[in-house]
Amino acid sequence: GGWTSASPPIADPLVHYDFEQTGSTLTNQGTASSADGTNNGATTGSTGILGSSWDFDGSNDYVSTSWSPDFQIGDEFSVSLWFKTTSTSFSSLINQWGTQNGGGNNGWNIIDSGTSASFRMSSDWNGGNAIRVNTGTNSAFSDGNWHHLVLTYDGTGHAGVTYYLDGVVESSSADLT
């Protein structure tokens with residue numbers, strides 16, 4: 001599938017990638033330092049929704065960065081991305097994971113589980129301090145067309161997650177505490 005970006009909707013996003021660059025570096029257009037990315041296998045210069053995009057094969061292509069945001073369960077934030085895919089297999093749309101000293105995972109992701117989109121956030125999966133919220137079917141976005149996905153999180157737990165697909169609120173359900 002391909003990835004592209006439009007101008008950021010907020011004045012000073014922490015991270016904003018426009019995917020217009022070619023080559024090995026993805027320059028952060030946002031305010032976070034150390035957030036430039038390194039291309040690991042993606043094809044650059046593909047046709048995007050606006051301008052160019054990068055094409056990830058869904059297997060082993062990714063962008064790595066040394067930036068590691070420290071979002072916690074009580075923090076508010078939003079993530080927005082354009083994507084297109086025909087895959088109905090499990091894949092990560094965007095994520096940031098690390099490991100805590102106690103061995104649990106610390107981070108967040110938005111995934112295509114093959115049947116739905118899922119948002120997961122954890123400050124310790126092993127300790128039970130985690131949330132996971134799923135949308136309905138992914139058939140709405142695995143059609144090979146460009147889609148805009150926005151996730152907002154208000155810091156209040158499962159009920160604080162809202163998904164928007166192409167500007168429409170998606171129904172969701174929590175399945176992990």
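What you see below is based on every heavy atom in this structure, not just the backbone, and it leaves out hydrogens, waters and symmetry mates.
Separation of atoms OG1 (Thr27) and CD (Glu20) is listed at 11.5 Å; rounding is to 0.5 Å. For the atom pair CZ (Phe19) and OG1 (Thr44), the distance works out to 11.5 Å, reported to the nearest 0.5 Å. With rounding to the nearest 0.5 Å, the separation of CG in Asn145 from NZ in Lys84 is 8.0 Å. The OG1 atom of Thr38 sits 9.0 Å away from the OH atom of Tyr62 when rounded to the nearest 0.5 Å. How far CG of Leu14 is from OG1 of Thr31: 4.5 Å, rounded to the nearest 0.5 Å. Annotation: the span from Ile110 atom CD1 to Phe83 atom CZ amounts to 9.5 Å, rounded to 0.5 Å.
Across all non-hydrogen atoms, the minimal contact from Gly144 to Thr86 is CA-CG2, 3.6 Å. Counting all heavy atoms, side chain and backbone alike, Gly45 lies closest to Thr22 at N-CG2, 4.4 Å. When every heavy atom of Ala42 is checked against every heavy atom of Phe56, the shortest pair comes out as CB-CE2, 3.5 Å. The two residues Thr47 and Trp146 come nearest to each other via the heavy atoms O-CZ2, 3.7 Å. Ala35 and Asn28 get closest at one heavy-atom pair: CB-ND2, 3.4 Å.
Put simply, the side chain of Asp166 gets close to the backbone of His148: a donor and an acceptor are under 3.5 Å apart. Side chain of Asn40 to backbone of Asp61: no donor-acceptor contact under 3.5 angstrom is found. Asp154 places no side-chain N or O within donor-acceptor distance of the main-chain N or O of Glu76, the cut-off being under 3.5 Å.
Residues Val161 and Leu151 meet the side-chain proximity criterion, which asks for heavy atoms closer than 4.5 Å. Between Ser53 and Trp82 there is no side-chain heavy-atom pair separated by less than 4.5 Å. Residues Val63 and Trp54 are in side-chain contact: their nearest non-hydrogen atoms beyond the backbone lie under 4.5 Å apart.
Val169 belongs to a hydrophobic cluster whose other members, connected by ILVMFWY side-chain contacts under 4.5 Å either directly or through intermediates, are Val150, Tyr164.
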